[in-house]
Amino acid sequence: MKFIVSSSSLLKNVNLISGVINSNNTLPILDNFLFELDGNQLKITGSDLETTISTIVEVESADNAKIAVPSRILLDTLKTFPDQPLTFIQKEDNLMEIVSEQGNYQIALEAADEYPQAPEVQEAAVSTLQAGILSEAISKTLFATGNDELRPVMTGVFFQAGKDNFKFVATDAHRLVKYTRKDLPSAEATEYIMPKKPLTLLKNILSGSNEDVKVEYNQTNTRFSFQNIVLICRLIDGKYPNYDAVIPKENPNVLTINRNLFLTSLKRVALFSNKTTNQVRLKLSGSSLIIHAEDVDFASKAEERLPCDYNGSDMQIGFNSKFLIEVLNNLQSDDITLEMSEPSRAGIIKPVDGLEEGEEILMLVMPVMLNA
């Protein structure tokens, strides 16, 4: 087996898929990339059993072979090279020599036959999503997923396709994000829960592109095909909670405020909050918002008054500042609205501007009980 490839091209492609490889694998073979050479095309695969991602690189070769190359030493070596052609030569069954302009390097290989095969996505439904829209949907929802392994359905993002829209939902029971695209109708209604890790990989791969992504899914797996990249992952099994039930429908108290002004003020005042609860108190009255935080144990407190547009009855409501800041950080609008019904019910945050046609986003934050 012998092939010649551009060092920068190879590095770019192995970088794309290296994120799937765990630092501690139960199967040692998963510490490797699978190289499958078919003439002038080299297919590179990485896997953690749950998620498998592969990409194809153009090379100079006439050979057909399959090898398993240790991922860490290959990546670290490629990062040190300036752009140049590299020659890979399989000397024996378990040895690979890399020849560069600077010198020669030898790597011990693993048995490629031990590498697990990616599952086939059989009897799959198929849809097409634009890469930029999918990347944006992932970015807007991923931060709100939970980490509780006892509730696995809440550790992923809920994909819900309907006849006239596509919804992406994430929640950890403290906050919830519902991102809706009305420009993504589906031929048939369907829903599935995508795990966090493959979504993180997808977000990085799709960033900045507007090409189409082919999505195939059945009850157990989903396959994303984009340019020369294929990602297959196991779906999270279970029923997603009825998220609409926790979104208050009647919210007569509406605060409209500059997002950046609100965000920077929250970050300052939150520094003085209790480090366990991270509680901030919002006092709403007329055209002013007072943000208050206090840590009785350390006798520290802070308060800021901000100009705003508030329609509703005077009220005080408490939030965990970490969740509120994270929600505001994941919006790009100049102004936002905070809709509330009462201090014990969730606050709903929506952008006032900056949305594309057909795009809707709702972010919900649960309140915390205020100390008297």
Quick one: does Asp353's side chain have a donor or acceptor within less than 3.5 Å of a partner on Asp335's backbone?
yes

Check whether any side-chain heavy atom of Glu191 sits under 4.5 Å from a side-chain heavy atom of Phe158, and report yes or no.
yes

Assess the side chains of Thr55 and Asn13: does a donor N or O sit below 3.5 Å from an acceptor N or O?
yes

If you measure only the distance, is there a donor-acceptor pair under 3.5 Å linking the side chains of Asp83 and Ser6?
yes

As an exercise, state the distance from CG of Asp295 to OG of Ser300, rounded to the nearest 0.5 Å.
4.5 Å

CG/Leu362 to OH/Tyr179 distance, rounded to the nearest 0.5 angstrom?
13.5 Å

In terms of heavy-atom contacts, does NZ of Lys2 have more than 12 from other residues, nucleotides or ligands at under 6.0 Å?
no

Shortest non-hydrogen pair, Gly39 vs Val59, comes out as O-CG2, 3.9 Å

Would Asn40 and Glu60 count as a side chain to side chain contact (heavy atoms under 4.5 Å, CB included) here? Give the steps.
CA-CA 5 Å; Asn40 63 355; Glu60 288 181 37; over 6 Å; no

Quick check: are there more than 12 heavy atoms from other residues, nucleotides or ligands sitting under 6.0 Å from NZ of Lys239?
no

Going by distance alone, is a donor N or O of one side chain under 3.5 Å from an acceptor N or O of the other, for Gln84 and Gln102?
yes

Grouping I, L, V, M, F, W and Y whenever their side-chain heavy atoms are under 4.5 Å apart, do Val153 and Tyr192 come out in a common cluster?
no

Between Leu199 and Ile236, is there a shared hydrophobic cluster once you connect ILVMFWY residues whose side-chain heavy atoms come closer than 4.5 Å?
no

Less than 4.0 Å between a side-chain N and a carboxylate O, is that true for Lys197 and Asp48?
yes

Is there a donor-acceptor pair under 3.5 Å between the side chain of Ser209 and the backbone N or O of Leu206?
no

Under 4.5 Å between side-chain heavy atoms, counting indirect links through other Ile/Leu/Val/Met/Phe/Trp/Tyr residues: same cluster for Ile107 and Leu37 or not?
yes

Heavy atoms of Lys66 and Ala112 approach each other most closely as O-CB, 3.5 Å

Using a strict cut-off of less than 4.0 Å between a Lys/Arg side-chain nitrogen and an Asp/Glu carboxylate oxygen, indicate whether Asp244 and Lys178 qualify as a salt bridge.
yes

Quick check: are there more than 12 heavy atoms from other residues, nucleotides or ligands sitting under 6.0 Å from CD of Gln219?
no

Spacing of Phe319 atom CZ and Arg281 atom CZ [to the nearest 0.5 Å]:
13.0 Å

Closer than 3.5 angstrom, by distance alone: can the side chain of Asn253 be matched with the main-chain N or O of Ser341 as a donor-acceptor pair?
yes

Salt bridge check, Glu339 against Lys350: does any charged N sit closer than 4.0 Å to a carboxylate O?
yes

Same apolar cluster: Val230 and Leu30, side chain cutoff 4.5 Å
no

Between Glu304 and Ser265, does any side-chain donor sit less than 3.5 Å from a side-chain acceptor?
yes

Does one hydrophobic cluster hold both Ile53 and Ile232, with members joined at side-chain heavy-atom distances below 4.5 Å?
no

Kindly indicate, with the supporting measurements, whether the criterion side chain to side chain contact (heavy atoms under 4.5 Å, CB included) is fulfilled by Thr155 and Arg151.
CA-CA 7 Å; Thr155 64; Arg151 292 189 285 181; over 6 Å; no

For Ser7 and Leu78, work out which heavy atoms get closest and say how close.
O-CD2, 4.4 Å

Pairing donors with acceptors under 3.5 angstrom, does anything connect the side chains of Tyr105 and Ser100?
yes

Checking the side chain of Arg234 only, and the main-chain atoms of Thr51 only, is there a donor and an acceptor separated by less than 3.5 Å?
no

Evaluate the criterion side-chain hydrogen bond (donor to acceptor under 3.5 Å, both in side chains) for residue pair Ser344 and Glu342; output intermediate values, then yes/no.
CA-CA 6 Å; Ser344 61; Glu342 52 189 71; 3.0 Å; yes

So, Asn15 versus Lys79: side-chain donor-acceptor pair below 3.5 Å or not?
no

Is it the case that the side chain of Lys196 and the backbone of Gly146 share a donor-acceptor pair, with hydrogens and angles ignored and the cut-off at 3.5 Å?
yes

Would you say the side chains of Tyr243 and Gln160 form a donor-acceptor pair under 3.5 Å?
yes

Should Arg181 and Glu356 be marked as a salt bridge (charged side-chain N to carboxylate O under 4.0 Å, His left out) after you check the CA-CA gap, both sets of side-chain angles, and the distance that decides it?
CA-CA 9 Å; Arg181 296 296 306 215; Glu356 296 177 9; 3.1 Å; yes

Could you state the interatomic distance from CD (Glu50) to CG (Asn221), rounded to the nearest 0.5 Å?
9.0 Å

Donor-acceptor pair, Asn258 side chain versus Asn260 backbone, under 3.5 Å?
yes

What's the verdict on side chain to side chain contact (heavy atoms under 4.5 Å, CB included) for Lys91 and Met96, showing C-alpha distance, side-chain angles and the deciding distance?
CA-CA 6 Å; Lys91 298 179 75 66; Met96 166 69 76; over 6 Å; no

Does Ser313 offer a backbone N or O that forms a donor-acceptor pair with the side chain of Tyr310 under 3.5 Å?
yes

State whether the number of non-hydrogen atoms from other residues, nucleotides or ligands found under 6.0 Å of Ile247 atom CD1 is greater than 12.
yes

Checking the side chain of Asn104 only, and the main-chain atoms of Val99 only, is there a donor and an acceptor separated by less than 3.5 Å?
no

Please walk me through it: do Asn32 and Leu34 pass side chain to side chain contact (heavy atoms under 4.5 Å, CB included)?
CA-CA 6 Å; Asn32 298 266; Leu34 179 66; over 6 Å; no

Between Lys275 and Leu271 (side chain of the first, backbone of the second, donor and acceptor by atom type, cut-off under 3.5 Å), is there such a pair?
yes

Distance-only criterion, 3.5 Å: show the donor-acceptor pairs between side-chain atoms of residues 166-176 and protein atoms not counting sequence neighbours.
unit_1	atom_1	unit_2	atom_2	d
Thr171	OG1	Ala173	N	3.1
Thr171	OG1	Arg175	O	2.8
Asp172	OD1	His174	N	2.9
Asp172	OD1	Arg175	N	3.0
Asp172	OD2	Arg175	NE	2.9
Asp172	OD2	Arg175	NH2	3.2
Arg175	NH1	Glu326	OE1	2.3
Arg175	NH2	Phe143	O	3.1

Scan side-chain atoms only and decide if Ser54 and Thr45 contain a donor-acceptor pair under the 3.5 Å cut-off.
no

Ignoring hydrogens, what is the shortest heavy-atom contact between Thr87 and Ile89? Give both atom names and the distance.
CG2-CG1, 3.8 Å

Would you say that more than 12 heavy atoms from the other residues, nucleotides or ligands in this model lie under 6.0 Å from the CG of Asp237, or not?
no

For residues 116-139, which side-chain N or O atoms pair as donor and acceptor with protein atoms under 3.5 Å away, sequence neighbours left out?
unit_1	atom_1	unit_2	atom_2	d
Glu136	OE2	Lys140	NZ	2.7
Ser139	OG	Ser135	O	3.0

Asn24 CG to Asp31 CG distance, which is reported to the nearest 0.5 Å:
8.5 Å

How close do Ala293 and Val280 get, counting heavy atoms only, and between which atoms?
CB-CG1, 4.1 Å

Is the backbone N or O of Pro28 less than 3.5 Å from a side-chain atom of Asn25, with the two atoms forming a donor-acceptor pair by type?
no

Supply the atom-to-atom distance Leu306 CG to Ser287 OG, rounded to the nearest 0.5 angstrom.
11.5 Å

Indicate the atoms forming the closest heavy-atom contact of Gln279 with Met369, along with that distance.
OE1-O, 3.2 Å

With the side chain counted from C-beta on, respond yes when Lys43 and Asn228 share a heavy-atom pair under 4.5 Å apart, and no when they do not.
no

